[in-house]
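Please read the structure below before turning to the comments.
Chain A is the first sequence line, chain B the second, and so forth, proteins listed ahead of strands; every chain is numbered from 1.
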2 protein chains.
Amino acid sequence: MADALKPEQMRTYFALTEAVSLLQYEVRKQLQAEGGLSYVQFEILAKLVDAEGRSLTMTDLADGVVYSRSGLTHQAGLLERDGLISRRASPDDQRATVVDITKAGRARVADVLPGHVDVVRELLFDSLSDRDVRTLGDVMSRARDHMRARPPRSAAPRRRAR
Amino acid sequence: MADALKPEQMRTYFALTEAVSLLQYEVRKQLQAEGGLSYVQFEILAKLVDAEGRSLTMTDLADGVVYSRSGLTHQAGLLERDGLISRRASPDDQRATVVDITKAGRARVADVLPGHVDVVRELLFDSLSDRDVRTLGDVMSRARDHMRARPPRSAAPRRRAR
DNA sequence: TATTGTTATACTCTATAACTATA
DNA sequence: TATAGTTATAGAGTATAACAATA
């Protein structure tokens, strides 16, 4: 429980958070401007597109998104209001809600995706070599898996400040 | 203007955003739980601590933070209300507001920093070798510099979706 | 009893625009 | 005219807790 990070770790942490913050800012702006979508809404639609026809439950959608259930319900409500998704009771489990993406939803994704990709490429990948990209992917995949493997969100309370 | 990222780029983009998202979630939770601070508030205090006595203007603080002026004013107002910073007119430029961190502000940072560092180490650095850390730092520093070098926020309008 | 999902509600964050004051 | 900062206001996101329905 040392009280500081090594200088190299500090530098890395700051570079990582700052770069990602800049990227996120631009990505959010693009999604909003070109598709009227929040980032979460885009994530939901992208997951549904990725599901390739299989319909997903609210729980499936929540999985991997670090939001509360009610937050997801809210966002799904907005997407449904705009006709981008539809919801219905699951045939298998009457408690579950099954979500499908609509034609309009797919069209919306198709609308914003090119711009989204442009932003990511221009901001992030234009400054990285293929080798950098692979290395970055390896390192961050490892980090992500490590974080995912942690005890959920109900881990032991963090150390007391003192 | 190709319409897709290479598979390797996709993988890297997803790993990066997912890992950082998980990290941010935990960091925010920790700062709120142990110090009642939003992430932005913590950033402001950290910048002031880092300034080592030199006082910063609101513009200095806004620099590097991708928020609106009014947002910064709001957050600074909260910090001042809680006695963590103080504001006064600049002696040099009457238009400017000079911000200083108070004793209580420093104490608050000292309170939350250990827990903050713990979270970052446990979630991020525990899964990375020293070599990974250096590489990640190099790559993300380059990316950050590239993003910072971009035309501000008033760049040409993004490509039209089509 | 546990799980799925929604609702009601309240709070926080952020942005836009109008405004004051100084350079 | 341009810059520094604040205020007022409104909108969007998120969370908590209570709730209904099903497993």
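- Exactly one residue among A:L31, A:V120, A:L123 makes a side-chain contact (heavy atoms from CB on, under 4.5 Å) with A:E26. That residue is A:L123.
- Side-chain N/O atoms of B:T57 and B:D60 include a donor and acceptor closer than 3.5 Å.
- The distance from atom CG of A:L37 to atom CD of A:Q75, rounded to the nearest 0.5 Å, is 10.0 Å.
- For A:A96, whose side chain is taken as the heavy atoms from C-beta onward, the closest listed nucleotide among D:dT22, C:dG5, C:dT22 is C:dG5.
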Derivation and outcome, ring pair (Phe, Tyr, Trp, His ring centres under 6.0 Å), residues B:H116 and B:Y39: CA-CA 11 Å; B:H116 179 83; B:Y39 188 71; 7.0 Å; no
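- Residue-level contact check: B:S70 touches the bases, meaning some heavy atom is under 4.0 Å from a base atom.
- Counted by atom type alone, A:T135 and A:D138 present zero donor-acceptor pairs between their side chains at under 3.5 Å.
- Taking every heavy atom of residues 36-44 of chain A and every atom of DNA chain C, no pair lies under 4.0 Å.
- Residue A:S90 is out of contact with every strand shown, counting any heavy-atom pair closer than 4.0 Å.
- Between B:D145 and B:R142 there is no salt bridge, since no side-chain nitrogen of the basic residue lies less than 4.0 Å from a carboxylate oxygen of the acidic one.
- Side-chain proximity of B:Y25 to D:dT6, C:dG5, D:dA15: nearest is D:dA15.
- B:D93 contributes a side-chain N or O that, together with a main-chain N or O of B:R95, makes up a donor-acceptor pair within less than 3.5 Å.
- Summarising the geometry, the separation between CD on B:Q32 and P on D:dT14 is reported as 15 Å, rounded to the nearest angstrom.
- As rounded to whole Å, 14 Å separates atom C1' of C:dT20 from atom CD of B:Q94.
- Nucleotide C:dT6 holds its C1' atom 15 Å from the CZ atom of A:R95, rounded to whole Å.
- Only A:H74, A:Q75, A:L78, listed by number, bring a heavy atom of residues 71-88 of chain A to less than 4.0 angstrom from any atom of DNA chain D.
- Closest to the side chain of A:S68, from the set D:dA15, C:dA23, D:dT6, is D:dA15.
- C:dC13 atom P lies 15 Å from atom CZ of A:R28, rounded to whole Å.
- Rounded to an integer number of Å, the gap from A:D63 CG to C:dT4 P is 11 Å.
- Remark: A:R88 pairs with A:D100 by the salt bridge (Lys or Arg N to Asp or Glu O under 4.0 Å) rule, at least two apart or across chains.
- How far CZ of A:F125 is from OG1 of B:T12: 5.5 Å, rounded to the nearest 0.5 Å.
- Residue A:R69 places at least one side-chain N or O under 4.0 Å from the OP1 or OP2 atom of C:dT4.
- D:dT7 atom P lies 10 Å from atom CE of B:M58, rounded to whole Å.
- Put simply, CG on A:L31 is 15 Å from C1' on D:dA12, counting in whole angstrom units.
- Atom CG in B:D92 sits about 14 Å away from atom C1' in D:dA4, given to the nearest Å.
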